[in-house]
Amino acid sequence: MRLFLAILGGFMLSVPASAQIEGTRDDHLIWTESQIAQLQQLVDARASEGLGSCSITNFSQPNSASDPYRRSRLASVAANELMRAYLEGCAPAAARSKWRISSDDRLIDTQQLLLKALVRNDLAAYFDALRPRNPHYQALREAYVAEADEVKRATLAVNMERWRWMRLVMGGKYLLVNAASFEVTLWENDRKIRTWPVIVGKAKSPTPVFEATVSGVILNPWWEIPASIAAEGIGAMVRNSPAAARRKGYVYQNGRYRQRPGPGNALGQMKLVMPNAYSVYLHDTPNKNLFSEPVRTFSHGCIRVGGAIDLVKTLLDGSVTALRIDDILDSRQTTTLSLNNSIPVYIAYFTAEGSEEGGVRYFPDIYSRDDLQLAQHDPATDCAA
């Protein structure tokens, strides 16, 4: 219900709950000729949303003596199909197999939404309310309409579709990681607040697409070393060269390899508290030099943040002072600090997005995910967090 209210906004408040459309029969809405014309315009214009391949029921058949409500019935079916396309897109299910950002948009009662649109006699406003809210979508849509190059149009359409897979209401404040652009951005009321560079997974260990909730920050974290990474050489070092291992902070405790907090710790000085099924986190790194590389695919799947302490101070602003954060870092004591209010973080993948200078930025398809006819079979990650 909260999502439903958010979508309708002021429109819902202007329509009485008891409002009915005059002339309904057998649960079918009776459409006027003007409303059918509005719907036809929206169906014809769906290609401008990158939805040209979506199949919509033909509602041009005339009524008949035996079926006096045929056009209205078919128009209602077509309108609901178009609403679903606006909300969820039309790509085959296989294309979304690795897009693990859930959406409850499918729970929206589009029949009630349609009823209210017809009561107000304004279909266009309601379809407009179903478009993704993030400004990147509008930039992609404008570019798609104007772009003549078929390759770029295909890229724009793919990324518009990905935005339809996101939640329509993403949260008042959220973090968005775009693995393809090597950036994490902080958004508030769908306005970009800050941006930080990131390093993401290699092609053989790609950063997955998923969502989580950030509830806090761990300063001076221990690194719990995955078994596969320990097998690459750390385990042998601890067993065969214990003095060298100690200098690097590596220890073997309670049946697992770990690395103590310190300047050489693989997680750097911070790690976000964001539990998830992939053990993938946003964290600091001691290897700052890698942020100068234009293509930053160096991790086992986790997301290393450039300016990580600035990100921490931004998230904790108003609850923990910058001075206290600096004191904790200097102490090298592992400390968990909680955000005043948890926020969502979306780990996504967009190979095109709006530019602050206007227009669109394009990024390499580093994980070969842009062919939406194919399922995205990513190898399992083994993140260094």
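One is the number of the first residue; the rest follow in order along the sequence.
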Is the closest side-chain donor-acceptor distance between [X] and [Y] under 3.5 Å?
X    : Y    : value
Y137 : E142 : no
S103 : W165 : no
S66  : S64  : yes
T185 : W187 : yes
T57  : E81  : yes
T110 : N80  : yes
E353 : N159 : no
Q333 : N220 : no
Y349 : D365 : yes
D190 : Y174 : yes

Is the ring centre of W163 less than 6.0 Å from the ring centre of F350? yes

Centres of the Y257 and Y250 rings: under 6.0 Å? no

What I'd like to find out is whether the side chain of [X] reaches to under 4.5 Å of the side chain of [Y], using heavy atoms alone.
X    : Y    : result
R153 : D149 : no
L339 : S342 : no
V77  : F59  : no
R361 : E356 : no
R194 : D310 : yes
Q111 : L115 : no
I199 : F182 : no
L311 : M270 : yes

Among I234, V251, N265, which residue meets the side chain to side chain contact (heavy atoms under 4.5 Å, CB included) test with Q259? N265

Between V200, V305, T195, L176, which is the residue that forms a side chain to side chain contact (heavy atoms under 4.5 Å, CB included) with E183? T195

Say whether, by atom type as modelled, one donor and one acceptor occur between the side chain of [X] and the main chain of [Y] under 3.5 angstrom.
X    : Y    : value
T155 : V151 : yes
R167 : S102 : yes
R70  : D67  : no
N276 : Y278 : yes
Y367 : G201 : yes

Start with the C-alpha gap between E211 and R100, add the side-chain angles, then the distance that decides, and say whether salt bridge (Lys or Arg N to Asp or Glu O under 4.0 Å) holds. CA-CA 7 Å; E211 63 182 327; R100 297 192 178 98; over 6 Å; no

More than 12 non-hydrogen atoms from neighbouring residues, nucleotides or ligands closer than 6.0 Å to [atom1] on [X], yes or no?
X    : atom1 : value
N341 : CG    : no
K202 : NZ    : yes
Q253 : CD    : yes

Hey, is D326 close enough to K313 for a salt bridge, meaning N to O under 4.0 Å? yes

N-O pairing of E161 and R164 below 4.0 Å: yes

Taking all non-hydrogen atoms of both residues into account, name the closest pair between P275 and A212 and its distance. O-CB, 3.8 Å

What pairs with K152 under side-chain hydrogen bond (donor to acceptor under 3.5 Å, both in side chains), at least two apart in sequence or on another chain? none

E224 vs R258, salt bridge (Lys or Arg N to Asp or Glu O under 4.0 Å): CA-CA, chis, key distance, verdict: CA-CA 5 Å; E224 308 297 338; R258 310 176 74 202; 2.9 Å; yes

